[in-house]
Amino acid sequence: MSEQKIPYKIYLEESEMPTAWYNLRADMVNKPAPLLNGETLQPMTEDELSEVFCRELARQEMDDTTAYFPIPEKIRDFYKMYRPAPLVRAYCLEEKLQTPAKIYYKYEGGNTSGSHKLNSAIAQAYYAKEQGLTGVTTETGAGQWGTALSMACAYLGLDCKVYMVKVSYEQKPFRREVMRTYGASVTPSPSMDTAVGRKILAEHPGTGGSLGCAISEAVEVATNTPGYRYVLGSVLNQVMLHQSIIGLETKAALDKYNVKPDIIIGCAGGGSNLGGLIAPFMGEKLRGEADYQIIAVEPASCPSITRGVYAYDYCDTGAVCPLAKMYTLGSGFIPAATHAGGLRYHGMCPTLSQLYDDGLMEARSVQQTEVFEAAEYFARVEGILPAPESSHAIKVAIDEARKCIETGEEKTIVFGLTGTGYFDMFAYERFHDGKMTDYIPTEEELAAGRAKLPKVE
Ligand SMILES: *Cc1c(COP(=O)(O)O)cnc(C)c1O
């Protein structure tokens, strides 16, 4: 098929949309390590997990053999309201860069919540409703996950309690109001509502909070409120499973034009969008059917893959969640207050951690100022105003496209554009005013985080 025939945007017909999520773990030889009970240090059973998560989600979390999970019809209907997400051929960017590379991006920022997180929010809310629960609790940092969950809960008629990291609550009043528009209750964290919140406030009066601390509060409320469960927007294997919709759509769209990517790039906070984007491609790689270069991009200020250790750690600061084996900086590590809130997490999804440890993917870290330079460059040529998180992937995609100028290689690059930057104008303002700073943690700071890892033999 000739080059000209590939449209700017490749859409899928409703009939071409995926009907099942793909569970990458089914094709992994080395499976991700099981979650452990934080008290007994024994693998979590499905019953134990079901006390925190909905039963079906606990089942999905533990299943590393079933390759495909049919997407329930009600979720597929919801997906149809905002999916398929466009796969864009970045002709304008290629032209501007004068690169022989062919660049594509999958844009997940077109829904009201503004990111890919809605893909898992609707699934998690659906299973909670199916189980007859009345509500869910969660945490949100920058606000994307809380917004997505409140939309999903409004659609299904579930209560939604969001613990929002206090600095974001104050800095992002618009996100907060979107959540309230969809009926969620939003509490700044740490709060006096929970034992863990009161403890953290006593130890660190005036703290602006952190994601790990908001998770601890949300879990405490879920486990103490009848008919409630806790839901999490990233890190867990079940979230990666739901996000496989991104990669399945991308692959279906590329297959229509016989396009095979050489390089696949995604930003990595807890790893869900990257894990979802690469899922079907990594599946082919694991089965020996194709090979791809896969690159995870993380902030230099929170370098969990590039400078972390692969060890069991708590998923949250309050140590109320199970232990996960992952690349981590230690749950006590508090990353610098950068503007890519969605990437400020100390650990990485267990599935991706195992793939990285097996040498099946690469990781790079980039600094905030260079990320915003790439974001602005991209906005001016492709039109879309990208989220700071997504711009980490843009930065590395541009780097790779520039390498192709030197080598003359016509590589095909696909990257995930996870969200819109409309709610991040405060960050853009800092950048434009020359007030943005870069922060790279010292070895001492990282050693302090590692020293507090739980001892698991
Ligand atoms: C949350 C978020 C991320 C990072 O989360 P992952 O689980 O690593 O995908 C990236 N981009 C946006 C826009 C987000 O909201």
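We count residues from 1, following the sequence as given. Just follow the structure's listing: the first ligand is 1, and inside any ligand the first atom is 1.
Note: an N/O pair closer than 3.5 Å links Gly271 and ligand 1 by distance alone. By the 3.5 Å distance cut-off applied to N or O atoms, Thr418 is counted among the residues near ligand 1. Where the criterion is an N or O separation shorter than 3.5 Å, residue side chain and backbone included, Gly270 meets it with respect to ligand 1. In terms of polar-atom proximity, Glu389 is not counted as a contact of ligand 1, lacking any N or O under 3.5 Å from an N or O of the ligand.
The nearest pair of heavy atoms linking Arg175 to Ser113 is NH1-O, 3.2 Å.
Annotation for ligand 1: atoms under 4.0 Å from non-hydrogen atoms of Leu343 are 4 (C).
Only the side chain of His116 comes within contact range of ligand 1, with a heavy atom under 4.0 Å; no backbone atom does. Contacts between Ser272 and ligand 1 below 4.0 angstrom, taking non-hydrogen atoms only, involve backbone and side chain alike. Under 4.0 Å from ligand 1, not a single heavy atom of Gln243 appears.
In terms of protein heavy atoms, atom 4 (C) of ligand 1 is closest to Gly342 O, 3.4 Å.
Among the candidates Tyr105, Phe372, Tyr107, the single residue satisfying the ring pair (Phe, Tyr, Trp, His ring centres under 6.0 Å) test with Phe378 is Tyr105.
Residue pairs meeting the ring pair (Phe, Tyr, Trp, His ring centres under 6.0 Å) criterion with at least one partner in residues 342-370, sequence neighbours excluded, are Tyr327-Tyr356.
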